[in-house]
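Heads up, the thing below is written out as structure tokens.
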Amino acid sequence: MRPKVYISSKVSDEVKAYLDQYCECEMWQNPERAITGQELAEQIGDAEGLIAAGNAISERLLSAAPKLRAVSNISVGYNHNDLDAMKKRGIIGTHTPYVLDDTVADLTLALMLAAARRVTELHNLVRGGGWQRGVGEQLFGLDVHHAKLGIIGMGRIGEKIAKRAKFGFDMEVSYYNRSRKPDTEERLGVNYLPLNDVLEQSDFIVLMTPLTAETKHMIGEEQFNRMKRSAIFINVSRGETVDEAALIETLRSKRIYAAGLDVYEKEPVSPDNPLLQLDNVVTLPHIGSATKKTRDDMAMLAARNLVDALYGREPQYVIPELKN
Ligand code: NAP
């Protein structure tokens, strides 16, 4: 008998057809909104596999799914997975690294450019009929080319950002990472620096670590106070890697020049979050990997990971902490 699988968000026809060959699938049917945790717990029933798109994989969800054997995340980050609970139940967990690296790096550069060249402010000015003569100096921005970039978290995506910055924009790239990357240093000509030096010396600071117990609120008041007044801070990692209250205060008081954000402590971001009122912030709705092709590639990889797990083969991308 084919294993039962629940798919928690809409996937392409191609991905669905692939899964249908091997599994008996049920899929969340409402394209208008994401499934809630409660709804997922109600619908998962006796599924042996789950294709998850950012859903919290909690003890509560797992206890509602007694037959579950594998969770396949359509994301590279897995901070929303309770790894201890999954380990305890022997559940295989997988994720989708590599296929999204270039897309997320592109988006990071878009945020850097938009924040530095004040793209959203100027877009709003033109749309609002405010372009009368020339634009005044108060709306001039900062150069990206030849500036100093500091990347915190030089992993798969960090490297792609470094490559674009170094070879596309002639930037001087430094990085801080848990472990040093001599290969990357040699290949891309980037320098390792201690965290405080990255914070103090960089014109652009990009945060690209996963969210873990160690990286939660890694950037807060003390770290913002070390940055140059002209610094631009970009967060494409996870919202909770930053102390958002400290970020708001830093931007409000113009302690740094600007920020570009794809992620927030609470998502979707609340309409009364002060970040949405500040001119020196470019905000995006967690869309780092969201191009049609990349999302389809991620979903297909997640589908293959799941089928392999359910058929007793080693999936290509098991979550490292869940590997035997
Ligand atoms: P990765 O290849 O695992 O890279 C993460 C890097 O962070 C690694 O080099 C790691 O160091 C480093 N790191 C981990 N903990 C650290 C710490 N405490 N201090 C300093 N460095 C630390 O992951 P990736 O594929 O580049 O993705 C990174 C994260 O980006 C994901 O986990 C996800 O949260 C986020 N992301 C967001 C979006 C979006 O849509 N906004 C899209 C994709 C990914 P080691 O080399 O020592 O392990």
Side-chain angles (χ1 to χ4, degrees), residues 9 34 52-54 56 73-81 83 93-112 150-164 173-185 187-188 190 192-199 205-220 223 233-242 259-269 282-295 297-299 301-302 316-323:
S9 73
N73 294 287
I74 312 180
S75 63
V76 64
Y78 46 84
N79 51 285
H80 51 290
N81 289 197
L83 298 180
T94 63
H95 68 145
T96 59
Y98 296 106
V99 282
L100 43 51
D101 296 352
D102 283 304
T103 299
V104 180
D106 285 353
L107 195 274
T108 307
L109 266 294
L111 279 173
M112 287 167 60
I151 299 175
I152 302 171
M154 184 59 97
R156 290 174 291 257
I157 300 170
E159 271 205 26
K160 296 285 189 177
I161 297 166
K163 190 173 166 195
R164 283 160 173 70
V173 183
S174 303
Y175 77 98
Y176 168 72
N177 196 64
R178 179 168 56 181
S179 52
R180 249 185 106 153
K181 305 274 170 104
D183 275 9
T184 310
E185 289 173 32
R187 205 162 14 89
L188 296 180
V190 300
Y192 173 84
L193 288 177
L195 178 59
N196 286 346
D197 291 3
V198 167
L199 297 170
I205 294 155
V206 170
L207 186 55
M208 213 57 253
T209 62
L211 172 62
T212 64
E214 267 175 46
T215 61
K216 185 166 184 202
H217 286 195
M218 183 180 192
I219 304 297
Q223 289 70 31
F233 174 70
I234 306 290
N235 189 12
V236 187
S237 64
R238 287 288 183 262
E240 287 172 73
T241 52
V242 174
L261 307 172
D262 189 38
V263 289
Y264 309 85
E265 278 197 336
K266 189 173 165 295
E267 295 180 5
V269 74
V282 178
T283 55
L284 293 177
H286 198 151
I287 45 97
S289 63
T291 63
K292 172 84 175 102
K293 178 176 186 313
T294 295
R295 282 289 173 86
D297 289 350
M298 289 164 69
L301 180 53
Q316 195 175 7
Y317 295 117
V318 175
I319 290 172
E321 289 87 337
L322 294 178
K323 278 189 179 159

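No experiment lies behind these values; they were computed from the predicted model shown. Remember, it's 1-based here, ligands and their atoms both numbered in the order they're listed.
- Thr294 and Val99 get closest at one heavy-atom pair: CG2-O, 3.8 Å.
- Looking at Val104, Thr241, Thr96, it is Val104 that brings a heavy atom closest to atom 42 (C) of ligand 1.
- Counting heavy atoms only, Pro210 comes closest to atom 7 (O) of ligand 1 of the residues Gly288, Gly54, Gly239, Pro210.
- Under the 3.5 Å distance criterion, the side-chain polar atoms of Asn81 are left unmatched by any main-chain donor or acceptor of Leu83.
- Closest approach of Ala162 and Leu188 over heavy atoms only: CB-CD1, 4.0 Å.
- Atom 30 (O) of ligand 1 has as its closest protein heavy atom Met208 CE, 3.1 Å.
- Counting only non-hydrogen atoms, the option in Lys160, Glu214, Met218, His80 that gets closest to atom 19 (N) of ligand 1 is Met218.
- Summary of contacts: the protein heavy atom closest to atom 4 (O) of ligand 1 is Gly155 CA, 3.1 Å.
- The side-chain heavy atoms of Ile219 and Leu207, taken from C-beta on, include a pair separated by under 4.5 Å.
- Near His286, the atoms of ligand 1 lying under 4.0 angstrom from a non-hydrogen atom of the residue are 39 (C), 40 (O), 41 (N).
- The backbone N or O of Gly220 lies less than 3.5 Å from a partner atom in the side chain of Gln223, making a donor-acceptor pair.
- Under the 3.5 Å distance criterion, with hydrogens and angles disregarded, a donor-acceptor pair is assigned to the side chains of Glu265 and His217.
- Closest to atom 35 (C) of ligand 1 among all protein heavy atoms lies Ser237 O, 3.5 Å.
- Atom 38 (C) of ligand 1 has Val236 O, 3.7 Å as its closest protein atom, hydrogens excluded (heavy atom only).
- Ser174 contributes no side-chain N or O that, together with a main-chain N or O of Tyr192, makes up a donor-acceptor pair within less than 3.5 Å.
- Residue Asp262 approaches ligand 1 through these ligand atoms, each under 4.0 Å from one of its heavy atoms: 39 (C), 40 (O), 41 (N).
- The nearest heavy-atom contact from the protein to atom 33 (C) of ligand 1 is Arg238 NH1, 3.7 Å.
- Nearest approach of Met154 to Asn177, heavy atoms of both residues: N-OD1, 2.8 Å.
- Residue Thr215 has at least one heavy-atom neighbour below 4.0 Å for each of these atoms of ligand 1: 15 (N), 16 (C), 17 (C), 18 (N).
- Tyr264 and Leu284 get closest at one heavy-atom pair: OH-O, 2.8 Å.
- Residue Lys181 holds the heavy atom nearest to atom 46 (O) of ligand 1 of all those in Arg180, Arg178, Lys181.
- Taking the six-membered ring where tryptophan is involved, the planes of Tyr78 and His95 are perpendicular, since the angle between them exceeds 60° and thus also 30°.
- Nearest residue to atom 29 (C) of ligand 1 from Thr209, Val76, Ile161 is Thr209 (criterion: closest heavy atom).
- For ligand 1, the atoms closer than 4.0 angstrom to any heavy atom of Ser289 are 40 (O).
- When each atom of ligand 1 is checked for a heavy atom of Ile157 under 4.0 Å away, the hits are 24 (P), 25 (O), 26 (O), 27 (O), 43 (C), 44 (C).
- Nearest non-hydrogen protein atom to atom 47 (O) of ligand 1 is Ser179 OG, 2.7 Å.
- When side chains are defined from C-beta on, Val76 counts as touching Arg156, because their heavy atoms get closer than 4.5 Å.
- Here the closest heavy-atom approach between residue Met218 and residue Tyr176 is recorded as CE-CE2, 4.0 Å.
- Nearest to atom 25 (O) of ligand 1 among the protein's heavy atoms is Arg156 NE, 3.1 Å.
- When only non-hydrogen protein atoms are considered, atom 8 (C) of ligand 1 lies nearest to Asn177 OD1, 3.5 Å.
- Contact annotation: Tyr176 has at least one heavy atom less than 4.0 Å from an atom of ligand 1.
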